[in-house]
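Only a predicted model underlies this, so the values are computations on that prediction, with no experimental measurement involved.
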Amino acid sequence: MIKVQREDFDIGVELAALSQGRDNVGAVASFMGLVRDVAGPGALSAMTLEHYPGMTERQLEQLEAEALARWPLDRVLIIHRHGRLLPGDRIVLCAATSSHREAAFEACAFLMDWLKTKAPFWKLEEIDGKSSWVAARQDDEDAAARWQNNNQSE
Amino acid sequence: MKVLYFAWLRDRVGLSEEIVEPPVDVATVGELIAWLAQRSPGHGEAFADPTIVRCAINQDYAKAHERFNAGDEVAFFPPVTGG
């Protein structure tokens, strides 16, 4: 399931719903990303996430389908917020459920690595009253690249 | 055709979207970038380094050699930084 939204989310409610009534599920792995003050205590006043409506949903749906094809999963959840967020605010939640933990752990890491390099979001940081766009990181590219030739481990 | 700009490309171009009619010999993403870069100083600044500009045709990623059609939605944006 994909949700692209301005509103906050409740991780407990979301994860409970994911495995509700699914007796074959023995593992729920999740990752939650928060707005971090990169510039030291009190320096970051806000972070605005811009996205490309339509393409974002399309890319995340492809990501979900890819994870479901690669691992023996029951369900996948990706929630990503947009708009102006404050330090400590929740940005993203990825979760995968499966019979066993290995598939759930791996799929969750895959979802985040690919999301970071494929989902059309851009971060604008406000630091000391100045706004600047966050530059893409090479190590995010490297983390995503490891899944290119790396098929699932059963 | 409709062209969309996001993040710092939008800031530099000064528009979030525009309708353009490139000449018929502009057929690929790379050619479109070169043509758009001539439209204004802002466009020129946005496309100054085409290697750091990403493109999507109809909301799917497209490389510089790929062709677009007259009715396509073509978007330009920086490398993504979500998550």
Check the hydrophobic clustering (I, L, V, M, F, W, Y; side-chain heavy atoms under 4.5 Å; chains of links allowed) and say if [X] and [Y] are grouped together.
| X | Y | answer |
| --- | --- | --- |
| A:Leu63 | A:Met32 | no |
| A:Val35 | A:Ile79 | no |
| B:Val3 | B:Tyr61 | yes |
| A:Ile2 | A:Leu49 | yes |
| A:Val4 | A:Leu77 | no |

B:Asp60 versus A:Arg58: any side-chain heavy-atom pair under 4.5 Å? yes

Spatial distance of atom CE (A:Met55) from atom CD (B:Glu73) [nearest 0.5 Å]: 10.0 Å

CD of A:Gln59 to CD of B:Gln59, rounded to nearest 0.5 Å, is 9.0 Å

Count the heavy atoms belonging to other residues, nucleotides or ligands that lie under 6.0 Å from CD of A:Glu7, then report whether that count exceeds 12. yes

Got a sec: does the CZ of A:Phe105 have more than 12 other heavy atoms crowding it under 6.0 Å? no

Chain B contact via A:His51 - side chain, backbone, both or neither, heavy atoms under 4.5 Å: backbone

Would you mind checking which part of A:Leu124 comes under 4.5 Å of any heavy atom in chain B, side chain (CB onward), backbone (N, CA, C, O), both or neither? neither

Neighbourhood of chain B inside residues 17-30 of chain A, taking heavy atoms under 4.5 Å as contact: none

Can any side-chain N or O of A:Tyr52 pair as donor or acceptor with the backbone N or O of B:Ala56 at less than 3.5 Å? no

Between B:Thr81 (side chain only) and A:Lys123 (backbone N and O only), is there a donor and an acceptor less than 3.5 Å apart? yes

Looking only at heavy atoms, what is the nearest atom pair of B:Val80 and A:Pro120, with distance? CG1-CA, 3.6 Å

Contact origin within B:Ile52 toward chain A - heavy atom pairs under 4.5 Å: neither

Bottom line for B:Asp11: the part with an atom under 4.5 Å from chain A's heavy atoms is side chain

Fit a plane to each ring of B:Phe77 and A:Trp122, take the angle between them on a 0 to 90° scale, and name the class: parallel (under 30°), tilted (30 to 60°) or perpendicular (over 60°). tilted

What residue in B:Ala75, B:Pro79, B:Pro78, B:Gly83 has the most heavy-atom pairs under 4.5 Å with chain A? B:Gly83

If you count heavy-atom pairs within less than 4.5 Å of chain B, which of A:His82, A:Lys118, A:Met112 leads? A:Lys118

Between A:Phe121, A:Phe31, A:Trp133, who has the most heavy-atom pairs with chain B when the cutoff is under 4.5 Å? A:Trp133

